[in-house]
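Only a predicted model underlies this, so the values are computations on that prediction, with no experimental measurement involved. Atom set for the values below is all heavy atoms of this structure, side chains included, hydrogens, waters and symmetry mates excluded. Counting starts at 1 for both ligands and their atoms, following the listed order.
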Amino acid sequence: MGDIVFTDKDEQMIQKEFESLLADYRNTHHRQKVELITKAFHFAKNAHQGVRRKSGEPYIMHPLAVAKIVVKEIGLGSTSICCALLHDVVEDTEYTVEDIQNLFGDKIASIVDGLTKISGGVFGKQANIQAENFRKLLLTMSEDVRVILIKIADRLHNMRTLEYQPIEKQYKIAGETQYIYAPLAHRLGLFTIKTELENLSFKYEHPDTYKEISDKLEAIKSTQLAFFEKFADPIRERLKQMGYEFEIAARIKSVYSIWNKMQAKGIAFEDVYDLLAVRIIFEPKPEFQENDQCWMLYSAITAIYKPHPERIRDWISTPKANGYEALHVTVMGQNGQWVEVQIRSRRMHEIAERGLAAHWKYKTGEKSESELDKWLKQLKDILQSPEPNAMEFLDTFKLNLYASEMFVFTPSGDIHTMPKGSTALDFAFMLHTDLGAHCIGAKVNRRLEPLNYILKAGDQIEILTAEEQTPKEEWINIVTTAKAKGRLKSYFRRQNREFARKGEELFNEKLKELNITDKYDSALYKLQQHYQIYNKTELFQQIGNGIIVLDDVEKIFIPKQQNKWLKYLNPFSNNKNKNTDIITTDSQKERIKQVVLTEENFGKQYHIAQCCHPIPGDEVLGYQDPSGEITIHKRFCPVATRLKSVDGKHICNAIWETHRKNTFIETIELQGIDRVGVIISVLHIISDQFKINIHDLHITAENGIFSGIIQLHVYDKQEIIELLKTIRKVPNIESVQRIDQIDGIEEIEELD
Ligand code: MN
């Protein structure tokens, strides 16, 4: 690169393009900063010297084209033109942002910096990187909206020259354009650019369908245009009589929007009736209000053609959220064809074409803030409490980009724009975060409605609040707007931090109370294991908000005592199970590869997992926790599986080598047909025949069916297999099996 010398022809083409840019610039009302623009041009030209685009053109032709779009199609001024000329310099050449800053000042440097940061495409290889890039893009945009406007111009020129890219790149760029740049252009009111972006994306994503539709469109264009002339004549005459200066033009639907309509309605090309629209742009007379004159034109047109009673769109009294103003009416043409007529003043037209830039141009200091201003403000708001999960952020944000709006009212008659599908709770958050946080319901059109009431256009909504109300988790599913979602999420994040802090405090107090403050790690691990919550913060959060109560925490450290009646039932009961689960005092810090499960080591070198209760004979493995203690899990225990994937290097092999000295708690579940004595028979087998101690027993009977859960002290797997074999033979026992159960499993499951 850099060595190729441009030909005279190249140089002439570059010079011609630059002069055409200056001519476009001189045509605007902007201050005449030709010198600065010339300086930027020469700097960029020099920086990209010798480099060509894939099309074969000298590279500088691209920044020149982007600058032209910026001035001519978006209507921005000299700063933006310079930035457009310089937009690829930092990205593609050896110059830095500092160089730009020294030569062109802070403002231009910071915009070029923003443009450089969001280059390389919104879509990376991974979804999260995509979303993160997108957030960066929005962040820069909220700092200076010109960044995104220039970026859109850049994208438009790249789309216009997409044919020179390899096919796979075409797909990627077209997809990205369709996904984010077209909606953004729409949201910023750049209607013409949005339409072109969509159309070009469609062309490259679906080349065959595009060709099919555009051929058909080409074929009927002449008849449509002939029809337009006939249709427009009487209107022209009437408006001239009224003394108006105006333009009237035919608008043929774009290929993409025809395809969209065919898809949405499931119809053929021939059945798309509104291929043609008519646009009237008038110069308002000074003696009347601009809005009133739109209605005057409306009356004039509907005196000639009959209007469709249900197809009047009044974007004059209340402009669209992207700033669009116009009056649309559909009338019946001469040959029975419905034609949409769009009535706009010159000012409205410029806003519709150029969006934001034109909008600022016409903005007077006194005027109340527009919907677009509000949206930009809201955008900054959302970005101030950023969603940590970039992907979710993207989803909620995109929801807001696409949503169509409706108008609703406060009790005092203030009008607000809300996305379709918003709920009363969204509305509360839109008005004020405090109103949302304390919302208990709403009066909609004077009727009491719940938080999740879905707003309808024209609703009048009074938000009802209560001091003691606080945001609830399920509200996340009630709200649909990015603002409300963002506010709720940041509330819960704050609350969870508070819960975690309080939970840890309670935990420490409990250790103090039990006099085991030196066993912080080991006690914490016991608790984590018991509740199967291995994330420390999450565990503390649950303690902090009262889901996990530490009152009975001793039970997790010290085994349950048998109750008296069980002892009575079990004449052979003894306390051979005393050391099931104790905290090991001298922890072994070194890594262990294999543990031999013997009576001697039991409770010292290892203990048994509460989640799956393996017993001798079961296939097991060991997990060595940070304090050096080893817990034995069944091989198929889900907790063990999780530990294997998360902390695999602390998994060790385990071999049983017991001599029937210790017992383990094992749970069996049985079902049968209720019959007097059947339970007695089972208990007889357990206690007398097998001499197994019962740890706990729950029997329920309903509609002649009984089911029971029995916890037993057994030596090993063989013993329980023999026991189950014998119980199965008892008449009226339908099923009996071993189950993995932990103490209090019911309560834990309910909490989830
Ligand atoms: Mn570029």
Side-chain angles (χ1 to χ4, degrees), residues 1-2 10 13-14 17-18 20-21 24 37 40-74 76 79-97 99-100 104 108-124 133-134 136-137 140-141 144-166 169-182 184-185 188 190 193-194 196-197 200-201 204:
M1 287 204 301
D10 286 332
M13 176 169 74
I14 294 169
E17 185 72 2
F18 177 60
S20 143
L21 168 69
D24 286 340
I37 295 170
F41 164 65
H42 284 300
F43 182 77
K45 183 175 173 245
N46 189 47
H48 294 296
Q49 186 62 42
V51 182
R52 287 179 193 273
R53 295 193 93 208
K54 287 219 167 67
S55 62
E57 283 182 340
Y59 195 89
I60 188 68
M61 293 300 281
H62 165 64
L64 275 169
V66 175
K68 259 183 115 170
I69 294 170
V70 158
V71 62
K72 212 177 167 187
E73 296 178 50
I74 305 182
L76 296 171
T79 305
S80 305
I81 295 170
C82 290
C83 294
L85 287 170
L86 299 167
H87 83 270
D88 277 333
V89 166
V90 175
E91 178 78 9
D92 295 340
T93 77
E94 280 164 6
Y95 291 100
T96 63
V97 175
D99 298 329
I100 305 275
F104 299 96
I108 289 178
S110 88
I111 294 175
V112 171
D113 188 33
L115 285 162
T116 308
K117 272 188 206 134
I118 55 177
S119 69
V122 175
F123 294 80
N133 286 344
F134 178 65
K136 258 189 235 157
L137 185 142
T140 10
M141 167 170 156
D144 192 326
V145 77
R146 282 176 289 189
V147 171
I148 195 68
L149 293 172
I150 298 165
K151 190 72 199 162
I152 288 172
D154 182 26
R155 175 52 55 118
L156 181 58
H157 185 243
N158 286 334
M159 286 301 291
R160 282 175 181 170
T161 53
L162 198 58
E163 59 187 300
Y164 301 108
Q165 294 287 347
K169 258 199 145 171
Q170 286 181 0
Y171 276 129
K172 183 184 167 283
I173 295 171
E176 196 178 274
T177 303
Q178 178 76 3
Y179 186 74
I180 198 68
Y181 286 100
L184 260 178
L188 295 170
L190 300 165
I193 290 181
K194 169 235 176 192
E196 190 178 345
L197 286 175
L200 286 168
S201 301
Y204 287 100

Of all N, O or S atoms in D88, the one closest to the Mn ion (ligand 1) is OD2

Name of whichever N/O/S atom of H87 is nearest to the Mn ion (ligand 1)
NE2

Does atom CD of E163 have more than 12 heavy-atom neighbours from other groups under 6.0 Å away?
yes

To make sure I understand the geometry: which N, O or S atom in D154 is closest to the Mn ion (ligand 1)?
OD1

How close do M159 and S201 get, heavy atom to heavy atom, and via which atoms?
CE-N, 3.4 Å

Taking Q170 for the side chain and L162 for the main chain, is one N or O donor matched with an acceptor at less than 3.5 Å?
yes

Run the side-chain hydrogen bond (donor to acceptor under 3.5 Å, both in side chains) check on D99 and T96 step by step: do they pass?
CA-CA 5 Å; D99 298 329; T96 63; 3.3 Å; yes

